[in-house]
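A, B, ... follow the sequence lines: proteins, then strands. Residue 1 opens every chain.
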Amino acid sequence: MQMIIASRLVDGRVVFMDAEAGWPVSIDDGVLLDTEEDTERLLVVAEKAVQNCEIVDPYPIEVVVENGERRPAEVREAIRAFGPSVRTDQLVESE
Amino acid sequence: MYRYDEFDDKLVGERVEQFRRQVERRLAGELSEDQFKPLRLMNGLYMQLHAYMLRVNVPYGSLSSKQMRAFAHIARTYDKGFGHFTTRQNIQYNWVKLEETPDLLRELADVEVTAIQSSGNCVRNITSDQYAGRAEEELADPRIYCELLRQYSVLHPEFSYLPRKFKIAVTGSPTDRAAVALHDIGLRMHRNDAGEMGFEVLVGGGQGRTPFIAHTIREWLAPEHVLSYVEAILRIYNIFGRRDNINKARIKIIVNQMGIDKYRELVDEEWERIRDGALKLPQEEIDRIDAYFAPPVYETLEDLTTELGALREADTDFDRWMGSNVIAHKIDGYSIVNITLKAPGRVPGDINADDMDAIADLADRYSLGEIRVSHRQNLTLVDVQQRDLHTLWQELDALTLATPNLGQLTDIICCPGLDYCNLANARSIPLADDINQHFLDVDHLALVGDLTVNISGCMNACGHHHVGNIGILGVDKRGKEYFQLTLGGSSDEGASLGDRLGRGLPQEEVPGAIEAIVDCYLEVREDGERFLDAYRRVGIEPFKDAVYGTADNKEVA
């Protein structure tokens, strides 16, 4: 399955496209895409969000769902989704 | 230290307001990301994996305590309470917001700090020796020429859109702590046969995917010509440097393709044309800048080495710290104190806002209010009276900033890696910590002695892996993080690139591999021989056998 990931323009935060073309920060709130056609269709919608200065650099990522939990297949995208694997205590405190 | 004059103030202030308007236009949709990107990069603002990252210049690695406190304030107000010192003596903030960046830059400008040209295809922060002006063996203070070059290169209209970024480093000491041979231009101060002070000029060094040690383009250059000669080098690069391929755009590629003799010929031809023009430095101008770096008024003190010896004998921890982190000063009764930002559980180069404030206070109380940043991502107090060393050590120890590992195996250079960086292939920070946790015995580390370990999370080599005595490069191998080891690299006056040891290793095997390398070194070393010297003497084979055994030596990932 795939999701659309991007960076929010105002602060660079990682966001995921949801079913209403919104951009929440949690991977759990994004929309899962079953087909290539769905991904291509939503990338067109994402491009409008780029034009509207909501986000930059949207692209699709592979996502694995196990026991109801979503996790990007690639290490890089998992780090984007869940944050750095270091300084986790300080980063959580500062949210 | 250099202080802004009215021109600096005006220029920096105008630049902040210019960037404020650019940000407003971007947020209003008047600029696309493609249009905005080069503008934000010229102001040090990157988009990384999780947020915008702002790189702030620390010119030639020199900071006042006031500026360090401003860094702490920025960390608390605009970031998540910490910053990261880099191998180019800068500080990076990993969590800034685009909309807040102009205000952040305004606050930095108030303490005479900028992010101008900390990114982009232009002349970056001029770097130098962290002991400049204080080292016992130094011939001349390089900061005067760093500052002249800074003023010359900031917002230079001809060199604001070079083929690629451009890095200059200057050292005034025969001991090279500024890695000048790994820079686009390296300037090494020395005396010619007539006894006159000048510069050996090196060109075309660099790391990244195609590493090169720089060539000497001129054996000796009079200080009055430093700007004109640098301009000639830059102009030839601007004309001949490749703009069609980002991987071949650095000056090192053109110098090595063309050959140093041809490059020299072109530079000299251009230099002859401009050398006695507007860029020839009048002695009064050199003197004017020199005055900013005049030595502080030192007290007349006796050398306290003997008295300190008694304290060292009474306290093993103090003794270790003195032996590792405290360096001789050119003035009797004073010492240079290094604070390594490397310890188990600590991200190399990272520092919390509270620690920044604490170090600023220590600098004020014990070191005339100045702090230096080294390219090995550590901090230095350069004017500490020997009679204060024990008290200072106690205060640093209370802050857990007295790790006695300067230049040792755990004093690791480490890029942000895949935890933060858009370009990285592998995480370097967790590996640095694994190594730190593996080598906890400080006496063993002291026994091993000088041994640099440098980690990069990708071939762009921000962690200087090519020139680590042990270099570690993170690679992506079919979706998994692996690490390739190199041995024998060095960034000092005998600079060399490391040799690849063998196939890449998964993260969990790297600390053990380093232990095998260290054990092999201890076995082969002769009296007082550093790791690097032993490696150069015996070659790579014993180390290959130690890490891989003899069976799969030849296998290369």
A.B. asks: Give a yes or no on whether Ile246(B) atom CD1 has more than 12 heavy-atom contacts from other residues, nucleotides or ligands under 6.0 Å away.
C.D. replies: no
A.B. asks: If the plane angle is over 60° it's perpendicular, under 30° parallel, otherwise tilted; pick one for Phe71(B) and Phe85(B).
C.D. replies: tilted
A.B. asks: Does Asp38(A) pair with Arg41(A) as a salt bridge, N-O distance under 4.0 Å?
C.D. replies: yes
A.B. asks: Flag the pair Phe82(A) / Ile27(A) as yes when at least one side-chain heavy-atom distance between them is below 4.5 Å, and no otherwise.
C.D. replies: yes
A.B. asks: Under a plain distance cut-off of 3.5 Å, with no hydrogens placed, do Asp411(B) and Thr340(B) share a side-chain donor-acceptor pair?
C.D. replies: no
A.B. asks: Let's test your reading of the structure: which of Val23(B), Thr101(B), Leu98(B) forms the most heavy-atom pairs below 4.5 Å with chain A?
C.D. replies: Leu98(B)
A.B. asks: Please state whether the side chain, the backbone, both or neither of Arg346(B) comes within less than 4.5 Å of a heavy atom of chain A.
C.D. replies: neither
A.B. asks: Parallel under 30°, tilted from 30 to 60°, perpendicular over 60°: which one fits the rings of Tyr420(B) and Trp95(B)?
C.D. replies: perpendicular
A.B. asks: Using a strict cut-off of less than 4.0 Å between a Lys/Arg side-chain nitrogen and an Asp/Glu carboxylate oxygen, indicate whether Glu481(B) and Arg76(A) qualify as a salt bridge.
C.D. replies: no
A.B. asks: Need one label for Glu33(B): side chain, backbone, both or neither, based on atoms under 4.5 Å from any heavy atom in chain A.
C.D. replies: side chain
A.B. asks: For chain B, which residues from residues 45-72 of chain A have at least one heavy atom closer than 4.5 Å to it?
C.D. replies: Cys53(A), Val56(A)
A.B. asks: Salt-bridge test for Arg20(B) and Glu17(B): reply yes if a basic N is under 4.0 Å from a carboxylate O, no otherwise.
C.D. replies: yes
A.B. asks: Which one of Asn94(B), Val96(B), Ile429(B), Asp350(B) has the most heavy-atom pairs closer than 4.5 Å to chain A?
C.D. replies: Asp350(B)
